[in-house]
Structures are given as structure tokens and as C-alpha cells.
Amino acid sequence: MEKPRYYFPTERDTADLEFSDLGFDYLACPYRFEAVFEHGLWRSRGLQEDNVMHIPEGSQCLHYGQQLFEGMKVHRGPEGKIYAFRPRDNAKRLNSGARHLRGPEIPEALFLRGLEEVVQGNHPYVPPHGSGASLYVRPFYLGIGDNVGVKPASRYVFRIFVSPVGPYYKGGFGPDQGKGFMVSKHDRAAPHGSGHIKAGGNYAASFYPGTEAKKAGFADAIYLDPVNRKYIEEVGAANFLAFKGDALITPQSPSILKSITRLSLLEIAGEIFKWPAEEREIAVDELDEISAAACCGTAAVITWINRIVDGERSWEFPFDERWQQLYNTLLGIQTATQDDPFGWRYEIPTMGS
């Protein structure tokens, strides 16, 4: 079994980067992990240095969208240890998508091995604790092969690359960072389609309405259910959250991606703060009764929504300190600055351990 390659020890523990000034952008790190599936077997290729992929031009991922990805973050704790957040849940979600797209599942042990090796290999690029930055981890899955027929691939590539990133929105999170969103006339996903899996094509469908919203001066689009067009589904590439009275509510729909960040925030709300928390249908008309709104996801964690516009109607929402409590608690668990009662932190073994 190939061992990860490492940097030779020097006086520096981290790369010579201004981590506190990073945006949410791609920065090529030296290594990425790769495994391939063929003849019914997964085979690890270990760490690769080339960030350019070479795949057959007939590959199903290129022509028919047989492609999945995940988004994760890795943080350095105050004592120098490195932690991933709920990686087994990412592996389960990726495999749910693989089953839906009729591809082979990735063994959890292979997923975790790839995560460990790519983080260990690129450890100088894990931002220092307190910098406000993190190491973004992008596992992805492609159906490949010499093919022209509409059918699942017989060969697959699983790859993980990493990039140090700053906040998704410059300025991060806080009471002066509210964003406005516009209800879109377009649909993000079909009622019984692939909206519930993290397939690349779902995001391509958001480019046109997202650009439309941004041209109108909004941060992104809000999508309604494609059947009745009356219930809120998602906010751009994030999940919707709201407070109605004492309760934290979030939409329930078979075409919504199960955000690991959202599920974590619901558990924190219910278990730590003892707030009522539930998934259910949320009609646009119910915005009249909602006191606070936000969206959440791996990239931004939580984004306060200060305004929603739907045609001639609009709603404004003040900043609610409960968003700050949720944000601080989730980030505290991820960065090991507070207890993790749920067992969500996954320590990446260091060299020699």
C-alpha cells in the first residue's frame, strides 16, 4: 500500500501564504488523491501531482452528466491537530448519489483513506488556527470510458483535491453581512429527478437564474417547488433556514439536497439550545410570519438573509442573535474550540501516528 508523500520538516509548519486574506478561490496544492474502478474493483492510485485529468472523450461524465461531488472543510485546532467534519456523512451522501446514477459505491474505508492521505500530503496548506481560513476538500466521482451510448459507465475515477480558502462572502458572518435574494421563476430540479443528490448537473441548472438574480442586485436566487411553485426549496446552492417564533424551521422536499451543515444546525438547535427544530413545507406566503431568515452550506456555513423579493412583494428580516449562536457553536465544534457532544470531529492522523 503506497504511503503518502510528505514535505521534509523545516522551520515552517505552514506554507508562506497570507491565509487571513484568502477568498473562496481555487489554489492548486501539490497533491490530490485518486482511485479508479474497473473490472468490478476499486484500486487506489495514491497521491498524484498533476492537477490536469486525462479521460476518454466518450466519457459518460462529459456527455450524460454521470458525475458527483462533495464539499467538506478541514480545520486546524488550537493545539495543532487537524480535523475534518463528519466525513462519513459525506461518504454516505456520495454513495447515495452513486446508487442513483447507477455507478459503484465507494467503500467508506477508501473515502476516509483518500481524505487522510490528501490532507497529510498537503498539510502545510491547512490554515493556522485563528486565521479565519480553512482547507476546502473536494471529493468527486466521474463515470469514464470509450462510449457513445446512453448507459452507465463501466469505469470510474474518484479523486479528492484540496484548496485553502477564506470566507465564501468577504467579511465573513455577522450583523453587517446580510444578503438579499430574489425568488426565481426558474426551477432548480425536477419533482422526481436528481435534486436530492449532489450531481454536477443540478448546479449547472442554477447558472442562468443565479446570473439573473445577481444582475438584478441580489446575492442569488431562491427556488420554489417545481410542482405548485408555492413552497421554498433552496437558496442558490444552499439550504433555507428560518425562525418562526421559537422554532427553527427548514424546508422538507424530496428534491432538496440533504445538507450536512443544515442537519448539524438542526441538531445543535434542538440538543444544545433546546429550541424546537423541524423540517416541513414552508410556503412563500408564510414569510409574513417569519421573524428571521438565513441559508446554510459548507462554503458559507450560515448567511443571514436580510431581504427576499418575489415580483412585487418583498420581505425584510433583521439580524437575529440566534444565527450568531448557531454559527459560533458549529464553528467551535469544527475548530475544536468547544466540546463536540455529537462525535462529529474526525481527527486526521499526523505523520508517524
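In what follows, every heavy atom counts, from backbone to side chain, and hydrogens, waters and symmetry copies are set aside.
Note that the NE2 atom of His75 and the NE2 atom of His129 stand 10.0 Å from one another [nearest 0.5 Å].
For the ring-ring contact (aromatic ring centres under 6.0 Å, His included) criterion with Phe85, the lone passing option out of Tyr346, Tyr136, Phe342, Trp344 is Trp344. Of the candidates Lys198, Lys92, Arg93, Glu70 forms a salt bridge (charged side-chain N to carboxylate O under 4.0 Å, His left out) with just one, namely Arg93.
Few gaps surround CD on Glu289; more than 12 heavy atoms of other groups in view lie less than 6.0 Å from it. Around atom CG of Asp340, more than 12 heavy atoms belonging to other residues, nucleotides or ligands sit under 6.0 Å away. Enclosure of atom CG in Asp146 is not indicated, since only 12 or fewer non-hydrogen atoms of other residues, nucleotides or ligands lie within 6.0 angstrom. At most 12 heavy atoms of other shown residues, nucleotides or ligands fall within 6.0 angstrom of atom CD in Glu18.
Ion pairing between Glu279 and Arg262 holds under the 4.0 Å rule for side-chain N and carboxylate O. Using a cut-off of 4.0 Å between Lys/Arg side-chain N and Asp/Glu carboxylate O, Arg113 and Glu108 are scored as not salt-bridged. Checked for salt-bridge contact, Glu38 and Arg43 meet the test: a charged N lies under 4.0 Å from a carboxylate O.
Ring pair Phe158/Phe111: centre-to-centre distance below 6.0 Å. Aromatic rings of Trp323 and Phe243 (six-membered ring for Trp) have centroids within the 6.0 Å cut-off, being under it. Annotation: Phe33 is not in aromatic contact with Phe161 [ring centroid separation under 6.0 Å not met].
Looking at Tyr31 and Glu117, their side chains never bring a donor and an acceptor atom within 3.5 Å of each other. Under 3.5 Å, the side chains of Trp315 and Asp288 contain a donor-acceptor pair of N or O atoms. Using modelled atom types and a 3.5 Å distance limit, the side chains of Arg188 and Ser206 yield no donor-acceptor pair. A donor-acceptor pair shorter than 3.5 Å can be found between the side chains of Tyr26 and Asn51.
Looking at Ile232 and Leu287, their side chains come closer than 4.5 Å, going by heavy atoms from C-beta outward. Counting only heavy atoms from C-beta outward, the side chains of Phe181 and Ile222 approach each other to under 4.5 Å.
Between Trp42 and Tyr141, the ring-plane angle classifies as tilted under the 30° and 60° cut-offs. Between Phe319 and Phe173, the ring planes are tilted. Angles from 30° to 60° get that label.
In this structure, Thr329 contributes its side chain and Gln325 its backbone to a donor-acceptor pair below 3.5 Å.
In this structure, Lys179 forms a cation-pi arrangement with Tyr169, its terminal cationic atom sitting closer than 6.0 Å to the ring centre and no more than 45° off the ring axis. For Arg345 and Tyr83, the positive end sits near the middle of the six-membered ring, less than 6.0 Å away and at most 45° from its axis.
Nearest heavy atoms, Trp304 versus Pro175: CZ3-O, 2.9 Å. Contact detail for Gly71 and Thr298: the closest heavy-atom pair is O-OG1, 3.4 Å.
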From CA spacing to verdict: side-chain hydrogen bond (donor to acceptor under 3.5 Å, both in side chains), Asp320, Ser291
CA-CA 8 Å; Asp320 192 308; Ser291 62; 4.5 Å; no
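Hydrophobic side-chain contacts under 4.5 Å tie Met182 into a cluster, directly or through other members, with Phe218, Val309.
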